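Below is one structure, written out as structure tokens, with a few remarks after it.
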There are 2 protein chains.
Amino acid sequence: MTQRDASVEIIQRQLTAFARRARATAARIHPELSLVSYTLLAHLDDQQGCRATDLAAHYLLDKSTVSRQIAALEKLGFVERRVDPEDHRVQVLHPTPAGAAVLSNAMTSRRQAFHERLADWDAADLDRFASYLLRYNAAQELKG
Amino acid sequence: MTQRDASVEIIQRQLTAFARRARATAARIHPELSLVSYTLLAHLDDQQGCRATDLAAHYLLDKSTVSRQIAALEKLGFVERRVDPEDHRVQVLHPTPAGAAVLSNAMTSRRQAFHERLADWDAADLDRFASYLLRYNAAQELKG
DNA sequence: AGATGTAGTTGTATAGTACAACGTGAATTG
DNA sequence: CAATTCACGTTGTACTATACAACTACATCT
């Protein structure tokens with residue numbers, strides 16, 4: 001086994017370990033929003049509103065899944081729908097003020113948790129780590 | 001926002017994006033084993049057998065969850081149980097030859113997928129990326 | 001106007017998970 | 001040593017996330 005193989009093996013294991021823990025971690029950090037709800041809401045916030053179909057496409061989820069997740073978020077009062085006057089089939093989804101508020105809290109908690117975990121890293125390492133992850137995920141997205 | 005904040009933000013987003021995709025990726029790479037089954041089986045293989053309780057503790061899963069996962073793996077013929085002669089409550093779990101075989105295939109597929117994704121990285125970057133992930137996850141585990 | 005396509009919902013099924021209650025065997029202790 | 005307590009695992013139950021298929025409603029194109 002080459003050094004290269006060893007590195008890839010470690011990367012694989014560590015990313016997998018992280019993924020396994022992610023949902024549980026999300027539940028701990030922000031119990032009011034699951035990892036998926038959080039993600040969808042964050043996307044709406046980020047994009048200043050978008051359609052259910054867009055969410056489905058972006059996150060490779062079935063539209064029924066998105067429909068139900070959004071229904072749940074709406075029931076919680078975190079998302080509102082605006083029918084597109086141009087095309088009545090379309091609902092443009094937006095976070096409500098309440099939704100924006102919980103999202104902001106969740107983001108703060110997450111950010112804080114990450115900051116704590118990374119507290120003893122120096123700036124250069126953080127920067128490189130960030131760029132490696134970007135590079136890794138970017139390669140990923142090209143392949144679907 | 002400092003440079004440091006920006007890096008942490010990127011790390012957070014990218015790790016989250018990875019986690020979101022992980023199950024789907026696992027399903028694509030090795031359809032016969034879910035991410036969890038794969039993980040449990042790999043642990044058994046790695047540890048040369050262990051108890052259900054150990055798996056639950058290690059992966060922060062409820063013992064009932066492990067029990068059912070193991071039951072499913074046993075039904076598929078991938079795991080066998082050996083009652084501990086010292087303590088009849090204990091079942092030491094081992095991969096069967098068939099289990100070791102699918103695991104080995106799955107590991108090969110995963111490894112190959114990772115190698116492909118990381119093909120254009122040079123050795124130094126791979127090495128640093130691996131060490132960053134190790135460092136990140138190690139900090140994680142101390143906190144439970 | 002009719003055919004085809006797109007956005008979203010709902011019915012149904014499955015996997016993964018947790019918690020609580022339980023059975024069984026081991027260990028401890030009065 | 002008998003009784004209690006503890007540890008390991010299973011089973012009942014419930015919930016969430018998810019997919020696929022069938023459907024409704026609207027839009028677009030010919």
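In the text below, chain A, chain B and the rest are named by the order of the sequence lines, each starting its count at 1. Owing to the predicted nature of the structure, the values given are computational and were not obtained by experimental measurement.
Applying the 4.0 Å criterion to OP1 and OP2 of D:dA19, one finds that A:Ser64 has every side-chain N and O outside that range. One finds no side-chain N or O of B:Arg81 lying less than 4.0 angstrom from the OP1 or OP2 phosphate oxygen of D:dC8. B:Ser67 has a side-chain polar atom (N or O) that falls below the 4.0 Å cut-off from OP1 or OP2 of D:dT10. Using a 4.0 Å cut-off, some side-chain N or O of A:Gln69 falls inside it from OP1 or OP2 of D:dA17. At least one side-chain nitrogen or oxygen of A:Thr65 sits closer than 4.0 Å to the OP1 or OP2 atom of D:dA19.
Across the protein-nucleic acid pair, B:Asp62 atom CG and D:dG9 atom C1' stand 11 Å apart, rounded to whole Å. One interatomic measurement links the two molecules: CD of B:Glu74 to C1' of D:dT10, which rounds to 12 Å at whole-angstrom precision. Rounded to an integer number of Å, the gap from B:Leu60 CG to C:dT17 P is 12 Å. As a whole-Å value, the separation of B:Tyr38 OH from C:dA15 C1' is 20 Å. Distance, B:Leu40 CG to D:dG9 C1': 15 Å, rounded to whole Å. Atom CD of B:Gln91 and atom P of C:dG25 are 12 Å apart (whole Å). Between the NE2 atom of A:His58 and the C1' atom of C:dA7 there is a distance of 19 Å, rounded to whole Å. The CG atom of A:Leu73 sits 15 Å away from the P atom of C:dG8 (whole-angstrom rounding).
In the model, A:Asn137 has no side-chain atom that pairs as donor or acceptor with a side-chain atom of B:Arg13 under 3.5 Å. Looking only at atom types and distance, the side chain of A:Gln91 has no donor-acceptor partner in the side chain of A:Asp84 under 3.5 Å away. Residues A:Ser34 and A:Ser37 have side chains that bring a donor and an acceptor to within less than 3.5 angstrom of each other. Between the side chains of B:Arg117 and A:Tyr136, at least one donor N or O lies within less than 3.5 Å of an accepting N or O.
Between D:dA19, D:dT18, C:dA18, one nucleotide has an atom nearer to the side chain of A:Val36 than all others, and that is D:dT18. In this structure, of C:dA7, C:dA20, D:dA19, it is C:dA7 that holds the atom nearest to the side chain of A:Val90. Distances from the side chain of B:Arg68 to the nucleotides D:dT13, C:dG8, C:dG16 place D:dT13 closest.
Remark: B:Arg128 fails to qualify as a cation-pi partner of A:Phe129 under the 6.0 Å distance and 45° angle criteria applied to the six-membered ring. The cationic atom of B:Arg111 (NZ for Lys, CZ for Arg) does not lie both less than 6.0 Å from the six-membered ring centre of B:Phe114 and within 45° of the ring axis.
Between B:Leu73 and B:Leu33 the shortest side-chain heavy-atom distance falls below 4.5 Å. Contact of the B:His30 side chain with the B:Thr25 side chain is not registered, since no non-hydrogen atoms from C-beta on lie closer than 4.5 Å.
Checking side-chain atoms of A:Thr65 against main-chain N and O of A:Leu61 turns up no donor-acceptor pair under 3.5 Å.
Rounded to the nearest 0.5 angstrom, A:Arg51 CZ and A:Arg89 CZ are separated by 9.0 Å.
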Item to check | Contact pattern, 5' to 3', of nucleotides 22-30 of chain D - B, S or - by protein heavy atom under 4.0 Å | outcome: ----BS---

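No N or O donor and acceptor, one from the side chain of B:Arg20 and one from the base of D:dT18, sit under 3.5 Å apart.
Listed in residue order, the members of residues 44-55 of chain A having a heavy atom less than 4.0 Å from DNA chain C are A:Arg51, A:Ala52, A:Thr53.
Nucleic acid contact class of A:Ile70 (heavy atoms, under 4.0 Å, all strands): none.
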